[in-house]
Novice: 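To start, I am sharing the structure in question, which I have written as structure tokens.
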Amino acid sequence: MHVEQQSHGALMVDVYIEDLAQHVGSEVTLKGWLYNKREGGKILFLILRDGTGLCQCVLSADSVSEADWESAHTLTQESSFTVTGAVRADERAPGGYEMDVRTLSVVHVAEEYPITPKEHSIDFLAPRRHLWIRSRRQAAILRIRHSIIRAIRNFFDDRGFVLFDAPILTPNAVEGTSTLFETEYFDLGKAYLTQSGQLYGEAGAMALGKIYVFGPTFRAEASKTRRHLTEFWMVEPEMAWFDLDDDMTLAEEFISHIVQTVLKERKHELAELERDTAALENILPPFPRVSYDEAVEMLHSEKTGEMVDERIAAAEKEREELTAELEEGKKNYNQMKEWKRKKFDAREIQIRVRLDEIEELLRNLPKWKESAKNFEHGADLGGSDETVLTWYFDRPVIVHRYPAAVKAFYMKRDPEDETKALAMDVLAPEGYGEIIGGSQREDNLDYLLERIREHDLPQEVFEWFLDLRRYGSVPHSGFGLGVERTVAWICGIDHVRETIPFPRMIHRNSP
RNA sequence: UCCUCGGUAGCUCAAUGGUAGAGCAUGCGGCUGUUAACCGCAGGGUUGCAAGUUCGAGUCUUGCCCGGGGAGCCA
């Protein structure tokens, strides 16, 4: 709150919309942008957006000066202005509070704003991302992202972890597999944008005990799906003296903490996104843990086939119902009243979108069923296999002890089964896929050297990493959590491009 | 890289091979409780690009460009 003595002696109190509840009955000033307006002849409703919420500001011709009344009418969408007036609770208002405006001051009349309060396609919105983030939905997502990041930092800070920043420019590929962004680095040849801070994190854990690396990560792969960005944020804790079980326990407590914090802090935003919070309330430890071998058995089981069939049947039923509704509406269209027609037009668009989704699902489900049934023991889990597995549980599932052959060179082998790596992935429910990948690390110098040879990696660039095994090697573990996938899951949105202010994708690097 | 879908007014979408339309947005007029406000009027088009088939192409064919979704890979 900002209080200022005005020249004529009255107090001017600046407040944010999110704090309006504390100012009911008193006069305050709001500063913001015009989100929308509705006009009557002698009454004007201005929906003010200030970044913290929306407030309906009511002007009537005889409650404001003639000059203010006229200038209020010049306001276009996203024009900036300030209003002063009394705050009132009102059921009819979005947000629950309204202002009866006494004075209004126009700061800037906006040019015709491209993003209208109607539907737009992603093609149209993506190049206007710098404006798109002003919309309610995008603002809600970005606020939730903020809470998630704060919850991540608090979780580790409160448990004695030290923030440990890994370099972004690195001399070599960490895992030697993915395609990296490359740049010239003076006389030292090529440098690459990091794809993981993990190896550096291991050095940090040996120095400080428990650390977390938190920063941007880059992948130059031509991945074009709703789960991929070329630039994304990853948090990677690394702990000395942690074995795989400790690692999994930390991961489930970590995820639960994030989800419960968002439920507590961002009720309003989750409601704005129409997120089903019941599904999030469940997210508490312990998470189900299945070994890779058990997961493969589950994929091969009759029950998996039945679950897919059930989903096919449900999709077909929904398709029938929607088609029937569409036909019914079209049949009666000519007899409908004007307003009913419009309502139906809007509904028709909704139905069409949903029908497209169902069509795609119906194309995919039989393939998923086949893929699960014929899953080859020893292969890595595919996207659809992961999705099918998550159907068994009401919270994230941890899959552990993958075949060593499909995992990174630095992962420790399972002493009870040399073909397995002490690796674990956490799969988010509702088809959001892998949000965590982690492992216990190989701490034996000789084994690690062997892995490096097996993977055909240049030993010389890993010498510093090998030193960690030469000078007081200890068992240690860690994992990486993808921030954007976590935001997408918690928000219940279908694409990671809306989870970061300015997404970087293979076909888009601006604005 | 592969598979698949798409590109029509500022936006969202219609249009059996036969005169390119609607809603919203914009402008003007009306309305003192609107909730994506409503009612009336008006302006607004090189149908992504190029070629072909045809009396006639938004519609059919071929090529190209751009984008969406998915696979692979991954967080």
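Sequence lines set the chain letters: A, B, ... in the order given, protein chains first and strands last, and positions in each chain run from 1.
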Novice: If each of A:Met505 and A:Phe45 is mapped to the nucleotide of RNA chain B with the nearest heavy atom, which maps nearer the 5' terminus, i.e. the 5' end?
Specialist: A:Phe45
Novice: Sequence neighbours excluded, which residues qualify as side chain to side chain donor-acceptor pair (under 3.5 Å) partners of A:Glu236?
Specialist: A:Ser196
Novice: With sequence neighbours excluded, what pairs up with A:Asp425 under the side chain to side chain donor-acceptor pair (under 3.5 Å) test?
Specialist: A:Tyr402, A:Lys407
Novice: A:Phe502: what forms a ring pair (Phe, Tyr, Trp, His ring centres under 6.0 Å) with it, not counting sequence neighbours?
Specialist: none
Novice: Quick check on RNA chain B: between A:Glu39 and A:Arg88, whose nearest nucleotide comes earlier from the 5' end?
Specialist: A:Arg88
Novice: In this structure, how many angstroms lie between the C1' atom of B:rG69 and the NE2 atom of A:His507, rounded?
Specialist: 12 Å
Novice: Among residues 57-67 of chain A, which residues get a heavy atom nearer than 4.0 Å to RNA chain B?
Specialist: A:Asp62
Novice: Could you work out, with ring pair (Phe, Tyr, Trp, His ring centres under 6.0 Å) as the rule, every residue matching A:His73, not counting sequence neighbours?
Specialist: A:Trp69
Novice: List the residues meeting ring pair (Phe, Tyr, Trp, His ring centres under 6.0 Å) with A:Phe156, not counting sequence neighbours, and say none if there are none.
Specialist: A:Phe161, A:Tyr212, A:Phe254
Novice: If the condition is ring pair (Phe, Tyr, Trp, His ring centres under 6.0 Å), which residues does A:His146 pass it with, not counting sequence neighbours?
Specialist: none
Novice: Would you say a side-chain N or O of A:Arg136 is under 4.0 Å from OP1 or OP2 of B:rA36?
Specialist: no
Novice: Look at the rings of A:Trp391 and A:Trp368 and say which category their plane angle falls in: under 30° parallel, 30 to 60° tilted, over 60° perpendicular.
Specialist: tilted
Novice: Got a list of side-chain donor-acceptor pairs under 3.5 Å for residues 131-142 of chain A, not counting sequence neighbours?
Specialist:
{"residue": "A:Arg134", "atom": "NH1", "partner": "A:Glu78", "partner atom": "OE1", "Å": "2.9"}
{"residue": "A:Ser135", "atom": "OG", "partner": "A:Trp132", "partner atom": "O", "Å": "2.9"}
{"residue": "A:Arg136", "atom": "NE", "partner": "A:Glu272", "partner atom": "OE2", "Å": "3.2"}
{"residue": "A:Gln138", "atom": "OE1", "partner": "A:Arg129", "partner atom": "NH1", "Å": "2.9"}
{"residue": "A:Gln138", "atom": "NE2", "partner": "A:Glu498", "partner atom": "OE1", "Å": "2.9"}

Novice: Do the charged groups of A:Lys367 and A:Glu370 touch, with an N to O distance under 4.0 Å?
Specialist: no
Novice: Would you say the side-chain atoms of A:Thr230 pair up with the backbone N or O of A:Arg504, donor to acceptor, closer than 3.5 Å?
Specialist: yes
Novice: Could you check whether A:Glu484 gets within reach of a base, just the sugar-phosphate, or nothing at all, counting any heavy atom under 4.0 Å?
Specialist: nothing
Novice: Can you list every salt bridge (charged side-chain N to carboxylate O under 4.0 Å, His left out) pair that touches residues 429-440 of chain A, not counting sequence neighbours?
Specialist: A:Arg275-A:Glu430
Novice: Within the pair A:Arg227 and B:rG69, is there a side-chain N or O less than 4.0 Å away from OP1 or OP2?
Specialist: no
Novice: Pick out the pairs of N or O atoms, protein on one side and nucleotides 40-48 of chain B on the other, that lie under 3.5 Å.
Specialist:
none

Novice: Protein-nucleotides 3-11 of chain B N/O pairs closer than 3.5 Å?
Specialist:
{"residue": "B:rC11", "atom": "O2'", "partner": "A:Glu119", "partner atom": "O", "Å": "3.4"}
{"residue": "B:rC11", "atom": "O2'", "partner": "A:His120", "partner atom": "ND1", "Å": "2.7"}

Novice: Among B:rG33, B:rG68, B:rG72, find the nucleotide with the atom closest to the side chain of A:Thr225.
Specialist: B:rG72
Novice: Determine, stepwise, if the pair A:Glu238 / A:Lys210 fulfils salt bridge (Lys or Arg N to Asp or Glu O under 4.0 Å).
Specialist: CA-CA 6 Å; A:Glu238 191 73 30; A:Lys210 292 183 290 187; over 6 Å; no
Novice: Determine which bases of RNA chain B form Watson-Crick or G-U wobble pairs with both distances under 3.5 Å, and write the result as a 5' to 3' dot-bracket string with | for other-strand partners.
Specialist: (((((((..((((....[..)))).(((((.......))))).....(((((..]....))))))))))))....
